[in-house]
Q: 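Could you have a look at this structure, given as structure tokens, before my questions?
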Protein chains: 2
Amino acid sequence: MTETRPTPKFEEDEGAGYLRAVGLRPTQQRLALAGLLFSGEDRHVTAESLYEEATAQGVRVSLATVYNTLNQFKDAGLLREVVVHAGKSYFDTKTESHHHLYDEDSGKIEDVHLEVDEEQVRRKVEVPSGKRIAGVDIVVRLREHKG
Amino acid sequence: MTETRPTPKFEEDEGAGYLRAVGLRPTQQRLALAGLLFSGEDRHVTAESLYEEATAQGVRVSLATVYNTLNQFKDAGLLREVVVHAGKSYFDTKTESHHHLYDEDSGKIEDVHLEVDEEQVRRKVEVPSGKRIAGVDIVVRLREHKG
DNA sequence: GTAACTGCAAAACTTTTGCAACCAG
DNA sequence: CTGGTTGCAAAAGTTTTGCAGTTAC
């Protein structure tokens, strides 16, 4: 790998291999959605927002397939789910450890890097036997100053 | 503060004042639900779980009213919402700063006390003008060890 | 008495699912 | 070909809402 520029995780002409590598058949819809998700900057999407984006670009895909695809990508480790609102699922293309800023008024999510002592968390928390810590999520909630 | 015994926030015979203090008319349903929520230990409920509990005790209340009441209590500051799952709203009777352990398999929530340097968070985060940090929530997710 | 509140059912949303048609290999 | 995928519509699950009737004060 020649790391001279921000390497996109996904290349239009080799998307098929990218999906096969995680056990997913590279279908038209998956390739198109992966292209939207992984070709550029890291991003946060909802099923609805990705569906609208795909549709706007002329990609023929159903909302149900977007939901299914997002969940498949999540299970394959290509996406992370971000839980910030009880009524909506957000997905983040950045899978490395980081945390989130959530604007409760607009619904916008941004990444924030906080040094969390995961070791401190592991020491503080009594993990029941048979269980493991699947993740530590921090959400910083923003609201308008006036109520 | 004389903290010699676990002071219930809510006393059956003075629940009315407790609700009036936050601007809510003490109706039968609100008194009954407040009794369930605030008479004993701190607890975590969903609308559904509280509705079932109330119904089991013979309290006549509708699910819609439980939803409305939980949201009114939240707005009044008597409850905190805990967002751990995109498809369900949880409410916590403990309103002081603390964090949560969430078992993704069973859906159970427990409190966990982590010393988070809120000041560090405030320094790290660029708060847009007109916005304030409404809260910093940490969720430690537990899953079964085998996948 | 009257405004606030409740109950019910319906509506609104988000997400999942069943199944016939379709497509990748 | 053949099984994995997709699309559609329907179903499922949670939460909100409209409105007539009830209740607190």
Side-chain angles (χ1 to χ4, degrees), chain A residues 13-36 44-52 54-55 58-76 78-79 81-91 104 107 109, chain B residues 13-36 44-52 54-55 58-76 78-79 81-91 104 107 109:
Chain A
D13 50 353
E14 237 328 286
Y18 186 72
L19 293 180
R20 280 201 199 88
V22 296
L24 293 172
R25 184 193 279 185
T27 64
Q28 293 180 181
Q29 287 78 0
R30 285 180 185 156
L31 285 169
L33 296 177
L36 291 174
H44 303 100
V45 301
T46 62
E48 193 73 35
S49 77
L50 184 60
Y51 171 69
E52 280 169 14
T55 298
V59 176
R60 285 195 64 263
V61 67
S62 71
L63 180 56
T65 294
V66 174
Y67 271 104
N68 292 336
T69 302
L70 285 173
N71 283 317
Q72 290 152 359
F73 285 4
K74 178 180 88 172
D75 292 343
L78 304 179
L79 291 175
E81 187 171 0
V82 186
V83 180
V84 290
H85 181 81
K88 204 158 214 160
S89 291
Y90 291 77
F91 295 88
E104 300 196 332
I109 297 184
Chain B
D13 50 352
E14 237 329 288
Y18 186 74
L19 292 180
R20 281 202 198 88
V22 295
L24 293 171
R25 184 195 279 185
T27 64
Q28 293 179 183
Q29 287 79 358
R30 286 179 184 157
L31 285 169
L33 295 177
L36 291 174
H44 304 100
V45 301
T46 62
E48 193 73 34
S49 77
L50 185 59
Y51 171 68
E52 279 168 17
T55 298
V59 176
R60 285 195 65 262
V61 67
S62 72
L63 181 57
T65 295
V66 174
Y67 272 104
N68 292 336
T69 301
L70 285 173
N71 283 318
Q72 290 153 358
F73 284 3
K74 178 180 88 172
D75 293 343
L78 304 180
L79 291 176
E81 187 170 0
V82 186
V83 180
V84 290
H85 180 82
K88 204 158 216 162
S89 292
Y90 291 79
F91 294 88
E104 299 196 333
I109 297 183

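These numbers come from the heavy atoms of this one structure, side chains and all, not from hydrogens, waters or symmetry mates. Everything quoted here is computed from the prediction, not taken from an experiment.
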Q: Can you tell me how far P of C/dC13 sits from NE2 of A/H85, to the nearest Å?
A: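 Distance, rounded to whole Å: 12 Å.
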
Q: With a 4.0 Å cutoff (strictly under), does any side-chain N or O of A/Y67 reach OP1 or OP2 of C/dT15?
A: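 Looking at the OP1 and OP2 atoms of C/dT15, one of them is under 4.0 Å from a side-chain N or O of A/Y67.
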
Q: Can you tell me the distance, in whole Å, between the CZ atom of A/R25 and the P atom of D/dG3?
A: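 The answer, rounded to whole Å, is 11 Å.
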
Q: If only side-chain N and O atoms of B/S62 are considered, is one of them under 4.0 Å from the OP1 or OP2 phosphate oxygen of C/dG7?
A: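 It does, given that an N or O in the side chain of B/S62 lies less than 4.0 Å from OP1 or OP2 of C/dG7.
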
Q: Quickly work out the B/Q28 CD to D/dT23 C1' distance and round it to whole Å.
A: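 That distance rounds to 8 Å.
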
Q: Could you state the atom-to-atom distance from CD of B/E81 to P of D/dT14 in whole Å?
A: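 Taking CD of B/E81 and P of D/dT14, I get 15 Å after rounding.
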
Q: Answer with base, sugar-phosphate or nothing: what part of the nucleic acid does A/T46 contact at a heavy-atom distance below 4.0 Å?
A: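 No contact.
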
Q: Roughly how far, to the nearest 0.5 Å, is CD of B/Q72 from CG of B/L24?
A: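 Rounded to the nearest 0.5 Å, the CG-CD separation comes to 6.0 Å.
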
Q: Look at the side-chain N and O atoms of B/S89 and state whether any lies under 4.0 Å from the OP1 or OP2 oxygen of D/dT14.
A: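 The answer is no; no side-chain N or O of B/S89 sits under 4.0 Å from OP1 or OP2.
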
Q: Please tell me which of A/E48 and B/Q72 maps to the more 5' nucleotide of DNA chain C, matching each residue to the nucleotide holding its nearest heavy atom.
A: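 By nearest-heavy-atom nucleotide position, the 5'-most residue is B/Q72.
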
Q: Can a side chain N or O of A/R60 be found less than 4.0 Å away from OP1 or OP2 on D/dG7?
A: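 Indeed not, no polar side-chain atom of A/R60 lies that close.
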
Q: On the nucleotide D/dG7, are OP1 or OP2 found under 4.0 Å from the side-chain N or O atoms that A/Q29 carries?
A: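 Affirmative; the distance criterion is met.
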
Q: Between C/dT15 atom C1' and A/Y90 atom OH, what is the distance in whole Å?
A: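 So the OH-C1' distance, A/Y90 to C/dT15, works out to 15 Å.
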
Q: Find the distance A/N68:CG to D/dC8:P and express it as a whole number of Å.
A: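 Value for this atom pair: 13 Å.
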
Q: Could you give the distance from CG (B/L31) to CZ (B/R25), rounded to the nearest 0.5 Å?
A: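 Going from the CG atom of B/L31 to the CZ atom of B/R25 covers 12.0 Å.
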
Q: Round to the nearest Å and state the distance from A/D75 atom CG to D/dT5 atom P.
A: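 So the two atoms are 13 Å apart, to the nearest Å.
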
Q: How long is the straight-line distance from OG1 of A/T46 back to OH of A/Y67, given to the nearest 0.5 Å?
A: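 The OH atom of A/Y67 sits 7.0 Å away from the OG1 atom of A/T46.
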
Q: If you check every side-chain atom of B/T27, which of C/dC5, D/dT14, D/dG7 has the closest atom?
A: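 Of C/dC5, D/dT14, D/dG7, C/dC5 is nearest to the side chain of B/T27.
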
Q: For B/A64 and for B/R20, find the nucleotide of DNA chain D with the closest heavy atom, then tell me which residue's nucleotide is more 5'.
A: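 That would be B/A64.
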
Q: Would you kindly give the CG-to-P distance between A/N71 and C/dT14, to the nearest whole Å?
A: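 Roughly 16 Å, once rounded to whole Å.
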
Q: Using a 4.5 Å cut-off on heavy atoms from C-beta on, say whether the side chain of A/V45 contacts that of A/L70.
A: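 In short, these two side chains touch, coming nearer than 4.5 Å.
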
Q: With side chains defined as the heavy atoms from C-beta onward, is the minimum distance between B/L78 and B/L19 less than 4.5 Å?
A: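 Contact flag for B/L78/B/L19 side chains = yes.
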
